[in-house]
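For reference, the structure is listed below as structure tokens.
It should be emphasised that the depicted structure is a prediction, and the values quoted were computed from it without experimental measurement. Start at 1 and go down the list; that is how both ligands and their atoms are numbered. Computed over heavy atoms, backbone and side chain alike; hydrogens, waters and symmetry mates excluded.
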Amino acid sequence: MKYRDLSIQTQREAPNNARTEGFSFLARAGYLTRENTPTQLGEVALNHLQDLSNDTVFLSNLSLPTIGNEDEIFFPIASGPVEVAHCPNCKYTERLEFARFVKTPLQKENELPLEKVLTPDCHTIEALANFLDVPKEKTAKALMYTRVADHKFVFVVVRGDMQLSEAKLKQHVGEVRPATAEGIERSGAAAGYASPIGLKEAFIVVDDLIPQSQNLVAGANETGYHLKNTNYGRDYSAEIVEDFIQAKAGDTCINCGSSLSVLSAIRLATRKNHDFENILLALAQTHHDSKGLTLSHPAAPFDVYLMQIPGKELDTRAKAEELYNRLQIENIPVLFDDRDERAGVKFNDADLLGFPIRITVGEKGLKEGMVELKPRTEKENQLVPVDNIVEMIRNLLK
Ligand SMILES: [Zn+2]
């Protein structure tokens, strides 16, 4: 294709809304508008990626530092909307809300008798732990929901030092929404002072650490009071005992025992689909230098950026056009910069666009039957015989 056919618009400056270098260079090189919409060139690049994706190992051929599991492939990037837990050691990767990790139970204790204590203004685990001078892990945190399907009152218990993963809850219980004041009252629970002990018509679910934790402080279902020494099994039981906890950075990997990281990411692929816009962003984020993109074969939409420098004696444009036609016949994807711009402008654009090879047709070289060839990631260019150009390109793209 030709530069002017694609109406390519490059920019000197990075857009001020750029949150990542990848987006910044895609916008500057004219693949995306500043509003993050693909341009004509962007569409060509996306269609090219889509064509490549017929090959099942296509993603692994793009030299991207991806992470993932059987269901989803992610690319870590600061602007990414997905949070994933990732083990740098064994590469275990899971969406944070579903990530599993090793939980360490507290030391086993003998069960002590229940004891009701006055705990004024202790509406939070923090306040309660401070007031009673117990560590947060010795408290039971209550969360109350209504199941959407049958309006059942769902009472969740997790250890006070841990966060519930609503995604894991929904996986086991179905869709839920926060419980209403009526629902809480009907069950006999008291907001802020709730516990699973003595509830009516409640669907109780507990995290799997709860049956292993003795003598926890929990609400007394009476405003201003808590119970010391509540014990699962003796004082209450549950319909479901499962892992309901949201992992966090530093938790222990379920596979290898290393420390989990939490990363922001974009999703590149599921089992069935690819997200080509995200793949293009990942490519730009991974493959660029200070001058622009440095895409490699086969990721680049074109392998060759062909340009000519106007001559005084020879018609360099006609020669470039000839070469353009020849590369097309040879099935080498080429973008011909057919503009009457200064060489410097074209060189800058070639660097921004980031195709693997730049070929320049100039008068001086042509007189000796040569053109200039420069791989994007190398500093120097070389003069090569026009007659050998196809072979040279093929070798460089291997
Ligand atoms: Zn691991």
Side-chain angles (χ1 to χ4, degrees), residues 19-22 53 56-108 125 135-138 140-141 143 156-173 205-213 232 240-275 278-279 281-287 299:
R19 289 172 64 198
T20 59
E21 290 201 296
S53 71
T56 48
V57 293
F58 132 83
L59 258 188
S60 46
N61 287 340
L62 300 183
S63 311
L64 293 174
T66 58
I67 56 175
N69 53 42
E70 283 184 350
D71 296 319
E72 295 177 298
I73 308 288
F74 300 100
F75 175 81
I77 187 167
S79 61
V82 186
E83 277 197 304
V84 294
H86 177 67
C87 174
N89 183 45
C90 75
K91 311 300 174 204
Y92 168 75
T93 302
E94 188 56 87
R95 281 177 179 261
L96 184 60
E97 62 268 34
F98 291 116
R100 290 158 63 231
F101 62 100
V102 178
K103 297 174 181 168
T104 317
L106 302 173
Q107 185 133 37
K108 199 167 165 56
I125 291 290
K136 284 202 276 183
E137 54 266 35
K138 293 295 288 178
K141 179 156 52 181
L143 299 110
V156 187
V157 185
V158 300
R159 230 170 58 181
D161 59 325
M162 298 190 153
Q163 295 299 326
L164 170 73
S165 158
E166 283 198 2
K168 288 180 181 176
L169 177 67
K170 287 173 185 175
Q171 210 173 29
H172 293 288
V173 171
V205 304
V206 305
D207 179 58
D208 51 15
L209 263 189
I210 293 295
Q212 303 179 59
S213 309
Y232 179 87
I240 302 177
V241 179
E242 275 289 349
D243 166 37
F244 289 112
I245 303 300
Q246 171 101 0
K248 57 184 187 318
D251 279 343
T252 304
C253 173
I254 194 90
N255 286 342
C256 77
S258 297
S259 199
L260 290 175
S261 307
V262 173
L263 307 169
S264 298
I266 48 175
R267 186 169 72 180
L268 303 188
T270 62
R271 273 173 192 258
K272 288 188 182 144
N273 294 303
H274 289 97
D275 187 322
N278 282 349
I279 293 172
L281 176 60
L283 283 167
Q285 182 72 9
T286 309
H287 303 289

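Between Arg95 and Val82, some side-chain heavy-atom pair lies under the 4.5 Å cut-off. Looking at heavy atoms from C-beta onward, Ile77 lies in side-chain contact with Ile266 at the 4.5 angstrom threshold. For the pair Glu166/Gln171, no side-chain contact is recorded, criterion being any heavy-atom separation below 4.5 Å from C-beta on. Two residues are said to be in side-chain contact when any heavy atoms from C-beta on lie closer than 4.5 Å; Pro76 and Pro65 fail this criterion.
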**Q.** Stepwise side-chain contact (heavy atoms from CB on, under 4.5 Å) check, Lys168 with Glu97
**A.** CA-CA 7 Å; Lys168 288 180 181 176; Glu97 62 268 34; over 6 Å; no

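A ring-centre distance under 6.0 Å is not found for Phe74 and His86.
At a cut-off of 2.8 Å, measuring from the Zn ion (ligand 1), the protein N, O or S atoms that fall short of it are Cys87 SG, Cys90 SG, Cys253 SG, Cys256 SG, waters left aside.
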